[in-house]
There are 2 protein chains.
Amino acid sequence: MSKQRKLPLYVQIKNKLVNNIKEGVWQPGEAIPSESQLIEQYNVSRTTIRQAIQDLVQKDVLETRRGAPTRVKEEPQVDKGNPGIIHKEIGTNMEVKVLRFEKLKEHYYAKYQLDLEEDEEVYVLERLRIADSKPIAYQQLYLPIPIGEVVKGVASDVFDIFPVLGQHNIHHSNIQEMVSGSNATQYVADLLGIIPGEALTDIERTTVGIDDKPIEYSRTKYIPNAFMYRMEIGK
Amino acid sequence: MSKQRKLPLYVQIKNKLVNNIKEGVWQPGEAIPSESQLIEQYNVSRTTIRQAIQDLVQKDVLETRRGAPTRVKEEPQVDKGNPGIIHKEIGTNMEVKVLRFEKLKEHYYAKYQLDLEEDEEVYVLERLRIADSKPIAYQQLYLPIPIGEVVKGVASDVFDIFPVLGQHNIHHSNIQEMVSGSNATQYVADLLGIIPGEALTDIERTTVGIDDKPIEYSRTKYIPNAFMYRMEIGK
DNA sequence: CGTAATTTGTTCGTATGTATC
DNA sequence: TGATACATACGAACAAATTAC
């Protein structure tokens, strides 16, 4: 919290605005205070207020119109349907099995992906994703501590953590996925009930919140025909 | 020209910057003049210059780094209509080698994908995609006869057939891609110089023209780390 | 309907901080 | 280490669009 002192003023303001929206102080479609009011309220210059607002306009959180009050966007990009990208696991009865869930001190790459400091800890959650009693994927999730605490209680119950995070007012603004492939190691092959060396499809994902803070970095190894990754460009 | 009088100064500057990039005055990766130089050159305030630059950074045309000169982004927004899907082969010297190019009478699935009649023929084009003298992918392209005729002459020269089709006024309106994975067969392993059984990333693609007629159905098997499939949702 | 007040947009100037070269 | 370049932050004035009376 006190770490925020280091953050630029406009970022601090931005966070305060986002919080007000998250907490429902300003509802979607509603007007937020005018620039002059915010200047008084936070005792900063107009430049600073404007930069904070512009950043949020850019992210589709706010909406400005010359002469008219600035408003919170309707349907602020929360779970805005991915237009044309389908990433679907094939099956009817989906379960998950938690293999591991603990705090980690050492994991340079995950910390790098999550934009954390050297001395910060991360939660690591390893799960087996199961469709119709057959394992289809091995998943490693790395979560910042506060996010991990939210996920903690439900890790073995929910197949998808995002709705749960949404209930706690943690919304994502950006997801980046990278697709690759690998051969199953002995360890993973055993877990998935396949032969070591069989092809897996790897998906590496980084999710960022509307406050620009990372929510999750994950790596998932799928049995290729147990899921579908389809996307549509254009039209 | 005189029409620009009405546009805000920063938009005019922005247009000038974009023109310089388009005309190749500043190449991708190259530094553009510093803010102070631009201030002198265009005789405007720093605010104005910065707003123009910030807008272009936002659009991924420029790249700024505190302390370092502002640069033109490598690969600036190549496909405008492409909202965050990057499908890129990694390498500098790209070649292709044609393994097979002929008309086929029998190929039910390809004809189905291309929406052709039973008695129609298809062209099949099999190629090895090579980056820096190393094979990175095995590709099978199925083309309707008229499209195939266009591709015929250039199959061994062009890495990407779409620009060629564009020159013949064949434009696509829609691309659908499906990602999967498989293990290399003996045949493909030999072609790619890998060991049979190694993991490959498969991409199945269907392209539809602006006249709604199918242009191409293809299957490509990539060596996973020789290419990159990244997508971004939201923002 | 028109006018005044309000609100955001544009543009200038200046000063200081901080990362890069 | 010093010079350079971008980032942050303050203040001020006018323009343009909207809103309220």
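Throughout, protein chains are lettered first and strands after them, A, B, ... in sequence-line order, and every chain is numbered starting at 1. Just so we're clear, the structure is a prediction, and the values are computed from it rather than from any experiment. All values below were derived from every heavy atom in this structure, side-chain atoms included, with hydrogens, water molecules and symmetry-related copies excluded.
Here the side chain of A:T64 is nearest to one of C:dG9, C:dC12, D:dA5, namely C:dG9. Comparing C:dT10, C:dC12, D:dA9 by their nearest atom to the side chain of A:T48 picks out D:dA9.
Using N1 to N3 plus N6-O4 or O6-N4 for Watson-Crick, or N1-O2 and O6-N3 for G-U wobble, each under 3.5 Å, C:dT7 pairs with D:dA16.
As a whole-Å value, the separation of B:L38 CG from D:dT4 P is 17 Å. For B:L9 and C:dG13, the CG to P distance is 12 Å, given to the nearest whole Å. A:Q51 has its CD atom 11 Å from the P atom of D:dC10, to the nearest Å. We find that CD1 of A:I13 is positioned 14 Å from P of D:dT8, with the value rounded to whole Å. Taking atom CD1 of residue A:I49 and atom P of nucleotide C:dT7, one finds them 14 Å apart after rounding to whole Å. One interatomic measurement links the two molecules: CD of A:E63 to P of D:dT18, which rounds to 13 Å at whole-angstrom precision. The interatomic distance linking A:Q37 (CD) with C:dA5 (C1') rounds to 14 Å, in whole Å. Straight-line distance from the CD atom of A:E35 to the P atom of D:dA16: 17 Å, rounded to whole Å.
Across all strands shown, A:T47 has heavy atoms under 4.0 Å from base atoms, whether or not it also approaches the sugar-phosphate.
The existence of a salt bridge linking A:E120 and A:K111 is excluded, since no basic side-chain nitrogen approaches an acidic carboxylate oxygen closer than 4.0 Å. The pair B:E95-B:K97 does not meet the salt-bridge criterion, since no charged nitrogen lies less than 4.0 angstrom from a carboxylate oxygen. Between B:R46 and B:E35 there is a salt bridge, since at least one side-chain N of the basic residue sits less than 4.0 Å from a carboxylate O of the acidic one. Here B:R71 does not pair with B:E30 in a salt bridge; the nearest charged N to carboxylate O distance is not below 4.0 Å.
The number of heavy-atom neighbours closer than 6.0 Å to CG of A:N43, taken from other residues, nucleotides and ligands shown, is 12 or below.
Within the 4.5 Å cutoff, side-chain heavy atoms of A:D55 are placed close to those of A:Y10. Using a 4.5 Å heavy-atom cutoff, the side chains of B:Y222 and B:Q139 are not in contact.
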Where along nucleotides 15-21 of chain C does protein come under 4.0 Å, by heavy atom, of base (B) or sugar-phosphate alone (S), with - for untouched nucleotides? B-BSBBS

